[in-house]
Every structure is written in structure tokens, then in C-alpha cells.
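Computed from heavy atoms alone, side chains included, the values below leave out hydrogens, waters and symmetry copies. Order of listing sets the numbers, starting from 1, for every ligand and every atom in it.
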Amino acid sequence: MPIDATLPYDETNIFARILRGELPCKKVFEDDYSLAFHDINPQAPLHILVIPKGPYVSWDDFSARASEAEIAGFVRAVGQVARDAGLVAPGYRLLANVGLDSHQEIPHLHVHIFAGKKLGPMLAR
Ligand code: AMP
């Protein structure tokens, strides 16, 4: 079910549980501000999720409330994960769903990295 991104942060969401070590993930990157891991149901040959470690529901919440250091750290992490995976030359797609109309399902900000094939136009035509 899609979530309402205006709701308060829910500490029981799946990504909060992964951050606390209560659930496993296939980690590809971690630093003070961010964690990146493989999506459990990949929509491309390579599908990685990058999440901030702080409790932010969505891009809206993060961009409004996160510190400069958290924002810089997270943005750099997304770039580094893609760079480390060798994705810059072939190219990749970033996507962050926010709220009901986007069908965001997990109420902790996550940026999807899709890569590994020609991804085609961004939206169905
Ligand atoms: P969204 O629709 O933008 O909220 O995307 C949520 C994503 O989280 C989907 O692509 C799911 O496949 C993925 N996902 C759900 N549970 C897990 C999990 N335990 N580990 C990794 N990815 C997950």
C-alpha cells in the first residue's frame, strides 16, 4: 500500500529495521550518513537503494529537516555508490517516490539506482 508522506516517521518501517540490524540486507555501501543495499525485488539488472541513516519519511521530509551535513553526505553517497559500481559511463537512473500518487511503499527516504541495461524512456508512453 502506498504511504502518505505527511505522516510522522514510523520507527517500525522495514528500512528502520534494516538500519537497526534487525533485518538483513545485501549491503553495498555504508558511511556515517547513508546505507546502500540491493533491492529485494529488482526492477533492472542492477537495482540498489540508498537510504539516509536519519529518520526521514521521504525526500520532502529530508530536504526540509535534514542538516547540511546529512544532505551533503547522502547526495555524495548516491553518487559514490553509482561510481563505485561503474555506472557513470553506461549511465543509470535515479528515482525517489514521495507519497501517495508516486506509490511510495516504505516510509523511509530511499533513492533507487537502476542500471545494467538500456532503461528506455522514463515514463510509459
Ligand atoms: P518504493 O515503492 O519507492 O517505496 O520502493 C520500495 C522498494 O523497497 C521496492 O523496490 C521493494 O522491492 C524494496 N524493498 C522492500 N523490502 C525490502 C527489503 N527488505 N530489502 C530490500 N529492498 C526492499
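By heavy-atom distance, the residue among I40, N41, V111 lying nearest atom 22 (N) of ligand 1 is I40.
Taking every heavy atom of H112 and a limit of under 4.0 angstrom, the matching atoms of ligand 1 come to 1 (P), 3 (O), 5 (O), 7 (C), 10 (O). Residue contact check: I106 has heavy atoms under 4.0 Å from atoms 4 (O), 8 (O), 15 (C), 16 (N) of ligand 1. Near H38, meaning under 4.0 Å from one of its heavy atoms, ligand 1 places the atoms 21 (C). Those atoms of ligand 1 with a heavy atom of F37 less than 4.0 angstrom away are 21 (C). Near N97, meaning under 4.0 Å from any of its heavy atoms, are these atoms of ligand 1: 1 (P), 2 (O), 3 (O). Applying the 4.0 Å criterion to heavy atoms of Q104 picks out, from ligand 1, the atoms 4 (O). Close contacts between ligand 1 and I14 involve ligand atoms 19 (N) [criterion: under 4.0 Å to a heavy atom]. Every atom of ligand 1 with a heavy atom of H103 under 4.0 Å away is listed here by number and element: 2 (O).
Residue contacts with ligand 1 for F114 are absent, since no atom lies close enough (heavy atoms, distance under 4.0 Å).
Counting heavy atoms from C-beta on, the side chains of S58 and Q104 come closer than 4.5 Å.
Salt bridge E30/K53: present, at least one basic N to carboxylate O contact under 4.0 Å.
A donor-acceptor pair under 3.5 Å is formed between the side chain of Q43 and the backbone N or O of N41.
Note on ring orientation: taking the six-membered ring where Trp is involved, the planes of H47 and F114 are tilted (angle from 30° to 60°).
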**Study point:** Full working for ring pair (Phe, Tyr, Trp, His ring centres under 6.0 Å) between H108 and H110
**Key:** CA-CA 6 Å; H108 183 114; H110 45 287; 8.0 Å; no
